[in-house]
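Contents: one structure, followed by commentary.
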Amino acid sequence: MRLSILDNGHRLRARLFLSVTSKQPPDIVKMLLYRPGFLTRTLLDLTAPAMRGPSYWTAGEREFLAMSTALLHECPFCIDSHAELTRIAGQGEIDPSRPDAARPEVRTVRAFLETVTLNPDQIVLPDLPPEAIREALRVNLVWNIVNRLANAFGFVLREGQLESGTRALHKFGYRFPGFLLADGPAGKHEDPVENMRYSVFTAPAVTDQALRTAAASGDGLPAPLRPFAAKVRDASDRLTDADFAELTTKYQEDEVYEITVAAAVCAALRSFDAGQRKLDA
């Protein structure tokens, strides 16, 4: 990946786990097990119920919505992964290659989530139960984060990983053993969304709080970080090896990692918060 720490910077327990579970773990797993207290624990606390908990939407439909988000971000890793997961979880109920054949409610919420992702200032609520919209917004929040990070860090699907990785994710319901995620401060909120907000932007980290908060708008960021954070937020598919090479001559990789995560999370939260405000109005 574009930051060597994501390949080689894991704690001993994570290194041991990765070595016994796979000769070449997928990039998404390596990223999730790097510094879980900063992002991963709260992200997975949100992801598991959003993707496999009780919902108006079936598991296959939620994977289909995740794939649709990946198409918006032009993330090949996520498109292929969620197309396969749609087939696995959907068991034939929904065909990722035929989006127009999905049930009308899925097509409606898919169009709504596209607006939420790309134009959060232009949201019009669809004619769906409020709880169904809330559940869809949480699915969208997760993958608006992950797609940006997959594009930014340069996730690649290697031979055999598509089939084995997606089946493992589906089998375990997006859950990891707790001992792998025991890191960093404990959560302060019952809502995993608020815990993630706290963990990424407020809790102690390598970078200071003001720098991570500035990644939301770019205001106050030093010149080299400003255009980089903007790309993470608005055009993650255009990030290149050169973008990271330039930054890592001036900043530690952990600093670049935290700014990348902060920019991705703040962009996703902007969309999520806009949808929530519409629902609560």
Measure the OG-CD distance between S164 and E159 for me, rounded to the nearest 0.5 Å. 10.5 Å

Report yes if some heavy atom in the side chain of D273 is under 4.5 Å from a heavy atom in the side chain of R197; otherwise report no. yes

Taking every heavy atom of G220 against every heavy atom of A214, the minimum-distance pair comes out as C-CB, 4.3 Å

Shortest non-hydrogen contact between S55 and E135, atoms and distance: OG-OE1, 3.0 Å

Side chains of L225 and Y251, heavy atoms from C-beta outward: is any pair under 4.5 Å? yes

Got a sec: does the CZ of R107 have more than 12 other heavy atoms crowding it under 6.0 Å? yes

Please check if atom CD in E93 has more than 12 non-hydrogen atoms from other residues, nucleotides or ligands closer than 6.0 Å. yes

Spacing of F272 atom CZ and L113 atom CG [to the nearest 0.5 Å]: 11.5 Å

Is R103 close enough and on-axis enough to Y56, meaning under 6.0 Å and within 45°, for cation-pi? yes

If we ignore hydrogens and angles and just use 3.5 Å, is the side chain of R11 paired with the main-chain N or O of L180 as donor and acceptor? yes

Under a 3.5 Å distance rule, please check whether R13 uses its side chain to pair with a backbone N or O of F179 as donor and acceptor. yes

Who pairs with A152 by side-chain contact (heavy atoms from CB on, under 4.5 Å), at least two apart in sequence or on another chain? L239, F244, T260

What distance separates E63 CD from E84 CD, expressed to the nearest 0.5 Å? 10.5 Å

Taking C-beta and beyond as the side chain, do V124 and T115 meet within less than 4.5 Å on heavy atoms? no

Are L72 and L141 connected in a single hydrophobic cluster, I mean Ile/Leu/Val/Met/Phe/Trp/Tyr linked by side-chain heavy atoms less than 4.5 Å apart? no

Thinking salt bridges, do D280 and R134 make one under a 4.0 Å N-O criterion? yes

Could you walk me through whether R110 and L65 pass side-chain contact (heavy atoms from CB on, under 4.5 Å), step by step? CA-CA 6 Å; R110 184 190 191 214; L65 295 177; 4.0 Å; yes

D191/R138 ion pair, N-O < 4.0 Å: yes

Membership question, hydrophobic clusters at under 4.5 Å side-chain separation (ILVMFWY): are L128 and F112 in the same one? yes

To the nearest 0.5 Å, tell me how far D254 CG sits from I5 CD1. 4.0 Å

Please indicate whether R167 has more than 12 foreign heavy atoms, meaning atoms of other residues, nucleotides or ligands, lying under 6.0 Å from its CZ. yes

What's the verdict on side-chain contact (heavy atoms from CB on, under 4.5 Å) for V193 and L269, showing C-alpha distance, side-chain angles and the deciding distance? CA-CA 9 Å; V193 175; L269 283 171; 3.9 Å; yes

For the atom pair OG1 (T240) and CD (E246), what is the distance rounded to the nearest 0.5 Å? 9.0 Å

Below 4.5 Å, heavy atoms only, C-beta onward: do L149 and L39 meet side chain to side chain? yes

Please list all pairs passing the salt bridge (charged side-chain N to carboxylate O under 4.0 Å, His left out) test where one or both residues lie in residues 115-131, with sequence neighbours left out. D121-R270

Applying ring-ring contact (aromatic ring centres under 6.0 Å, His included) as the test, list every pair that has at least one member in residues 62-82; sequence neighbours left out. F77-F155, H82-W143

Report the C-alpha distance between E255 and R212 in whole Å, list the side-chain angles of each, state the deciding distance to 0.1 Å, and finish with yes or no for salt bridge (Lys or Arg N to Asp or Glu O under 4.0 Å). CA-CA 10 Å; E255 293 176 307; R212 283 172 274 147; over 6 Å; no

For residues T117 and N140, is any side-chain donor paired with an opposing acceptor at under 3.5 Å? yes

CD (E74) and CG (N147) are apart, to the nearest 0.5 Å, by 11.0 Å

Where the side chain of R226 meets the backbone of L221, is there a donor-acceptor pair that is under 3.5 Å apart? yes

With hydrophobic residues grouped by side-chain heavy-atom distances under 4.5 Å, do I88 and I79 end up in a single group? no

Whether the side chain of R41 engages the backbone of P36 through a donor-acceptor N/O pair (distance < 3.5 Å, no angle test) should be reported. no

Side-chain contact test, heavy atoms from C-beta onward, threshold under 4.5 Å: evaluate it for C78 versus N151 and give yes or no. no

Compare every heavy atom of I94 with every heavy atom of A102, then report the nearest pair and how far apart it is. CB-CD1, 3.9 Å

For the residue pair C266 and A216, what are the closest heavy atoms and their distance? SG-CA, 3.0 Å

When the ring planes of F38 and Y257 are compared, do they come out parallel, tilted or perpendicular, using 30° and 60° as the limits? tilted

For the student: nearest non-hydrogen atoms of A48 and G173, plus distance: CB-O, 3.6 Å

Salt bridge (Lys or Arg N to Asp or Glu O under 4.0 Å) between K30 and D7: does it pass, once the steps are laid out? CA-CA 7 Å; K30 289 189 286 186; D7 285 312; 2.6 Å; yes

A245 versus T249, closest heavy-atom pair with distance: O-CG2, 3.2 Å

Does the side chain of L6 reach to within under 4.5 Å of the side chain of D27, using non-hydrogen atoms? no

Under 4.5 Å between side-chain heavy atoms, hopping through other hydrophobics if needed: is there a path connecting V139 to L125? yes

Compare all side-chain heavy atoms of M51 with those of V142 and state whether any distance is below 4.5 angstrom. no

Spell out, as yes or no, whether a donor-acceptor pair under 3.5 Å connects the side chain of R62 to the backbone of A50. yes

Taking R35 first and then E258, would you say they form a salt bridge - that is, a charged N and a carboxylate O separated by under 4.0 Å? yes

Using the rule that two of Ile, Leu, Val, Met, Phe, Trp, Tyr join whenever any of their side-chain heavy atoms come within less than 4.5 Å, decide whether L46 and L279 are in one cluster. yes

Side chains of E253 and S4 only: does a donor on one sit below 3.5 Å from an acceptor on the other? yes

With no hydrogens and no angle check, is any side-chain donor or acceptor of S271 less than 3.5 Å from a backbone partner on V116? yes

Taking the side chain as every heavy atom from C-beta outward, state whether V146 and L43 have any atom pair closer than 4.5 Å. yes

